[in-house]
S.K.: 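Can you read through this structure? Questions will come right after.
Chain A is the first sequence line, chain B the second, and so forth, proteins listed ahead of strands; every chain is numbered from 1.
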2 protein chains.
Amino acid sequence: MRLSKGILITRINHMLKTILDNKEEYQPGLSIDCVIFGFHDNQLKVLLIKTKYSDKWALPGGFVPVNEDIDEAAVTVLHGRTGLKGIFLRQFSTFGAARRCSVDVSNAVLDFYGIPLDEGKWYASRFVTVGYYALVDFLQTVPQPEGKNEIVEWIDHNSVPELILDHRQILDTALETLRMELNLMPVGYNLLPEKFTIPELQKLYETILGRKLDRRNFLRKIMAIGILTKLDEKKSNVAHKAPNLYSFDKEKYEEVVKNGLTQGW
Amino acid sequence: MRLSKGILITRINHMLKTILDNKEEYQPGLSIDCVIFGFHDNQLKVLLIKTKYSDKWALPGGFVPVNEDIDEAAVTVLHGRTGLKGIFLRQFSTFGAARRCSVDVSNAVLDFYGIPLDEGKWYASRFVTVGYYALVDFLQTVPQPEGKNEIVEWIDHNSVPELILDHRQILDTALETLRMELNLMPVGYNLLPEKFTIPELQKLYETILGRKLDRRNFLRKIMAIGILTKLDEKKSNVAHKAPNLYSFDKEKYEEVVKNGLTQGW
DNA sequence: GTACATTGCGTCAAAATAACACATAAGATT
DNA sequence: AATCTTATGTGTTATTTTGACGCAATGTAC
């Protein structure tokens, strides 16, 4: 976590305290929440955080330094929780219901850290949060909790427990957006290992969309995009015909992400 | 404009002063900007504001009362500038570049109103803005300037002059989003009068998309959506074959807006 | 009436999509 | 080692959607 004025965190687990002590360095009432998607064991995973001061889980989030773009702040959150850089990250919506924040929740956190309520007013005020979603490589991700008071974990999207505040809505909106954007851009580059099979890629699409696709039609459509390179290599140790391995043609992939798939009117 | 505590605006054109006097009632560092689209004379129009303290035009915007949802605040901006209610309004992106605000511009405004710079710190700080776009009926809109120091006007999208700050980017992003969303929802309900012809609707689509569409294919596609009711009436005073009039089937229209057009994977 | 402009309604070929059939390969089973 | 099981690789075909275009109909202008 980037701190202003190079101040060190002297009290572990007091990230919040440090921010409060430097609150003039942060944009007031504004936060970032990241929905970080991964893919493993044919399941869509979401990186969630469990803190000791609540029974519920939360999306990884952070605040916005006054001198930083919100996009940069989102990159910081992503990097802080996953150790990853250069990842696909996209702003999808801003959540600003007047009562999306609960003073009770905020005060419980302040209480947990032993911060007097009047010192924590900045934190307990009304917050608007900008939602970002990221697609990351599950295996390259090293979940990084900030100190001992939290657990950072990959959770199956199907078994996400109750989340704090409106984080469930944020998560749902992120997935809805991702589903929509599958029509506008290819997906997979960050979510799969470098070498993968077409069935694996298909499972990824099926998992995101939440429904089955026809194998043969999927192959045709995905190959037509022209972003895949067929490797001269097959997957081994499978109890059936060995599927071919593919990799993304990164150059073409980036181009299509940039220009979008052709659609519509 | 809604004011807290029922305070009256005693000094005309001092909306800003009033807000500064009650700044604790507003979300700090957060604003709303609305891209309000209209359609007239076969041209896409944007509602813009020209203030006396700048050579450039601006998007209508506002601040967010701490007790209001950002969506409500956007409705307030829209209603305040157009007198309209119940209009299609959609959040499309949040703009949070660190240097999107210029202290020079803010100070020029404060200067214009004779507000001392130290009193105007709230206003001159870094702002993040949430962008909304609206589709409104040009003829039902009564542009409403706030006092004598500003002009509110419909400007042809093709001849939008230089805008302040990043408002040009906000406008462009709004139109990009609208173009994309034409694939996901029908458009026209708020932009056209109650009775309209298919060629008029087509011109609207062409104007938004910035390119010609085939008449016959357009008819087929738009009728297939099932939201149009053919009326037993024809447009008069045209120098050629009188086109039939149509209206939207509001019930079906709302349903399709809600459920979306079928597309994609 | 004739000219003109634009609408209404249609056709047809091309492209995209959906549904389905069959041979193949690799480990597992016997 | 022959066979079974399972999932892959590569088709084909019918259906739907899209794009490009032809032509008659209708209202005003002259």
S.K.: Near DNA chain D, under 4.0 Å by heavy atom, which residues of residues 229-246 of chain A?
M.R.: A/K230, A/H240, A/K241, A/P243, A/N244
S.K.: Quiz question: going by heavy-atom distance under 3.5 Å, is there a donor-acceptor pair between the base of D/dG22 and the side chain of B/R216?
M.R.: yes
S.K.: Looking only at atom types and distance, does a side-chain atom of A/D249 sit under 3.5 Å from a main-chain N or O of A/K252, one as donor and one as acceptor?
M.R.: yes
S.K.: Which whole-number value in Å describes the distance from A/I198 CD1 to C/dA25 P?
M.R.: 19 Å
S.K.: Is there a donor-acceptor pair closer than 3.5 Å between any side-chain N or O of B/Y132 and the backbone N or O of B/L78?
M.R.: no
S.K.: What residue among B/V142, B/I49, B/V136 forms side chain to side chain contact (heavy atoms under 4.5 Å, CB included) with B/R81?
M.R.: B/I49
S.K.: Using whole Å, report how far CG of B/L261 lies from C1' of D/dT16.
M.R.: 17 Å
S.K.: Using whole Å, what does the distance between atom P of nucleotide C/dA16 and atom CE of A/M223 come to?
M.R.: 16 Å
S.K.: Could you work out which one of C/dT7, D/dG19, C/dA18 sits closest to the side chain of B/R220?
M.R.: D/dG19
S.K.: For the pair made of CG in B/N217 and P in D/dT16, what is the distance, rounded to whole Å?
M.R.: 18 Å
S.K.: Tell me the interatomic distance from A/L228, atom CG, to D/dG9, atom C1', rounded to whole angstroms.
M.R.: 15 Å
S.K.: I need the CG-P distance between B/D214 and D/dT17, as an integer number of Å.
M.R.: 18 Å
S.K.: Less than 4.0 Å between a side-chain N and a carboxylate O, is that true for A/E150 and A/K50?
M.R.: no
S.K.: For A/Y246, give me all partners under side-chain hydrogen bond (donor to acceptor under 3.5 Å, both in side chains), at least two apart in sequence or on another chain.
M.R.: none
S.K.: Without decimals, in angstroms, what is the distance between A/I222 CD1 and C/dT17 P?
M.R.: 12 Å
S.K.: Quick one: does A/F248's side chain get under 4.5 Å of A/L201's, heavy atoms only?
M.R.: yes
S.K.: Taking atom P of D/dT18 as reference, at what distance in whole Å does atom CG of B/L219 sit?
M.R.: 14 Å
